[in-house]
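To start, the structure itself, in structure tokens.
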Amino acid sequence: MMQRIRTRYAPSPTGRMHVGNLRTALYAYLIAKHEGGDYLLRIEDTDQERQVEGAVEIINRTLEKTGLIWDEGPDKDGGVGPYVQSERVTAGIYMEYAKKLIEKGEAYYCFCDKERLESLKTVIDGKEITVYDKHCLHLPKEEIEANLAAGKPFVVRQNTPNEGTTTFTDVLYGDITVPNAELDDMILLKSDGFPTYNFANVVDDHLMGISHVVRGNEYLSSAPKYTRLYQAFGWEEPQYVHCPLITDENKKKLSKRSGHSSYEDLVEQGFVDEAIVNYVALLGWSPEDNNEIFSLQELVEKFDYHRINKSPAVFDMNKLRWMNGEYIKMMDPEKYYVRALPEVKKVITKPLDLKKIADLMKTRIEVFPDIAEPIAFFEELPAYDVSLYTHKKMKTDPEISLAILKDMLPMLEAQEDYSLEGLRASISAYIEQSGRKTGQVLWPLRIAVSGQAMTPGGAYEIMEILGKEESLARIRKGIEKLS
RNA sequence: GGCUCCAUGGUCAAGUGGUUAAGACAUCGCCCUUUCACGGCGGUAACUCGGGUUCGAAUCCCGAUGGAGUCACCA
């Protein structure tokens, strides 16, 4: 009997979403939607100090823009709310469940202060490690009561045995067994009454009926503690899907802390939502066939989480750029123009046909900011060297170029029709009657009107956009330089 | 350092005992083209090492090595 799949994305509102989080959100979404299940959004705002103003809005916006629409969440009650953990704290949910554990002897009050905890610290390889010594587990009942009555600050800790092992099962990694001695008595409830991430996760995932817990590989090592919690409660464990890490080029885990790109950073850098989603989906997963370009809908159809990889993947900006270029080429012209226009305006202030200029760049860029530099010559003819007029393959040099430009000048002065077609007609007629090669004529012309060896579009396109007056001025300037 | 995970070209990645070890990005070359780009064609480039098991291992087992993650009143 197949249970209904329910997954959740449970971010903490601490800022922008980096791509690792985005991919976790995506996989959770795909796993649920592939089977027609539910996708929930739960806000894990249990750390008072790390709250960032507006972070929830960023999460909402990011999920909406990428199409990862949740079925239940803070704004969509599915009957298992609230979906914001701070509200669940107020409702007393975590305290209630913590007390159940205390009654069972699976958890205990701990009154140790910072100083005592500090003394438990050891430094190994430059890293601070604290292993709690179960000091408060052995407190006499009367002392606990007295402390509580006196209002002494406390935390609640999980009581893990020092012997034996704990085994949990991950869909991707199989059974993983860990010695219990490695599992320290983690804090369930903090002294401010808020739960820790770990405790809140277990309680909420259970209460919200989550069937598949999708999260990053960095949580693999804390999973056994969860198992102990589920067992302590007598709850059935969900399926775990620990996604492989996404790393930087140095194989280090992507993190905001290290200044790695967030989704919004990428958008600001000129990437397209669909391309980011598509690329990130392929980091750790591949379809049965060899396709690489997928819409979100296609991903929903094709995604099989059993094909998720186990090894970490390096985030390759190069390939993202390529993929982004593919998306830009496929992009709806109107949508393209909306994104392209601001980039065009960065370098063009003259009343030229900005649409035509933008269109020239559509197949030539990977990200939108690539637009500006190659089109700057439209605004103003750059200073250039006459050596540009020399091109071996086109069989042209300054002397030939001068002859050609002088030849064409009167003709172009007489011409009124500066449309692509008009220019093509008269110039190709000239080419024919002059007996010259197409390239030999067009090369100098393009150099004259653009001042650079490489341009988006050819001489016709450029002249059409520049218009008669400016085109002629640039050709005269070319003649002047060559004379 | 303990524990855990991982290991196919520079990167992503297919591959589940017998393949000329796919494909994509990047890179290089050629073609197309008035340049560039697009597009097309082609090249270089990989199973970490050592033991097993087997008629036969990239594929299964063990070990080594390497890398990563984690060891907070952060998530």
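Below, chain A is the first sequence line, B the second, and so on; all start at residue 1.
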Handout entry: Sugar-phosphate or base contact per nucleotide [nucleotides 68-75 of chain B; S, B, -; heavy atom under 4.0 Å]
Key = SSBBSBSB
Exercise for the section: Any salt bridge (Lys or Arg N to Asp or Glu O under 4.0 Å) involving residues 364-391 of chain A? Give me the pairs, sequence neighbours left out, ordered by first then second residue. Expected result: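 Sorted pair list: A:Arg321-A:Glu366, A:Arg321-A:Asp370.
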Handout entry: Listed nucleotide nearest any side-chain atom of A:Val178, set B:C3, B:A13, B:A26
Key = B:C3
Completion exercise
Side-chain contact check for A:Asp316: nearest option of B:G10, B:A14, B:U34 is B:G10
Taking distance alone, no hydrogens or angles, what donor-acceptor pairs closer than 3.5 Å link side-chain atoms of residues 431-438 of chain A to residues at least two apart or in another chain?
unit_1   : atom_1 : unit_2   : atom_2 : d
A:Ser434 : OG     : A:Tyr430 : O      : 3.1
A:Ser434 : OG     : A:Ile431 : O      : 3.0
A:Ser434 : OG     : A:Arg436 : N      : 3.2

Scan nucleotides 37-47 of chain B against the protein and return all N/O pairs shorter than 3.5 Å with their distances rounded to 0.1 Å.
unit_1 : atom_1 : unit_2   : atom_2 : d
B:A37  : O2'    : A:Thr363 : O      : 2.9

Exercise for the section: May I ask you to check whether A:Tyr279 and A:Phe315 place their ring centres under 6.0 Å from each other? Expected result: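 They qualify: ring centres under 6.0 Å apart.
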Practice task
Answer yes if the ring centres of A:His212 and A:Tyr305 are under 6.0 angstrom apart, and no otherwise.
Solution key: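 Under 6.0 Å, so yes.
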Handout entry: Side-chain donor-acceptor pair present, A:His135, A:Asp133, cut-off under 3.5 Å
Key = no
Problem - Residues A:Ser86 and A:Asp45: side-chain donor-acceptor under 3.5 angstrom - result: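 Looking only at side-chain atoms, A:Asp45 and A:Ser86 do form a donor-acceptor pair, the distance falling under 3.5 Å.
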Problem - Pair listing, side-chain hydrogen bond (donor to acceptor under 3.5 Å, both in side chains) test, anchored in residues 244-255 of chain A, at least two apart - result: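 Matches after skipping sequence neighbours: A:Asp248-A:His260, A:Ser255-A:Ser258.
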Practice task
Indicate, with a heavy-atom threshold strictly under 4.0 Å, whether A:Asn309 touches base, sugar-phosphate, or nothing.
Solution key: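 Answer is sugar-phosphate: A:Asn309 comes under 4.0 Å of backbone atoms only.
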Exercise for the section: Locate the shortest heavy-atom distance separating A:Cys136 from A:Cys112; write the atom from each residue and the value. Expected result: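 Shortest heavy-atom separation between A:Cys136 and A:Cys112 comes out as SG-SG, 3.5 Å.
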Practice task
May I ask which nucleotide in the shown strands pairs with B:A57, Watson-Crick or G-U wobble, both distances under 3.5 Å?
Solution key: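 Its partner is none (no Watson-Crick or G-U wobble pair with both distances under 3.5 Å).
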Practice task
Output the residues of residues 444-465 of chain A in contact with RNA chain B, where contact means a heavy atom of the residue under 4.0 Å from an atom of the strand; sort by number or write none.
Solution key: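 Contacting residues: A:Arg446, A:Ala453, A:Met454, A:Thr455, A:Gly457, A:Gly458, A:Ala459, A:Tyr460, A:Glu461.
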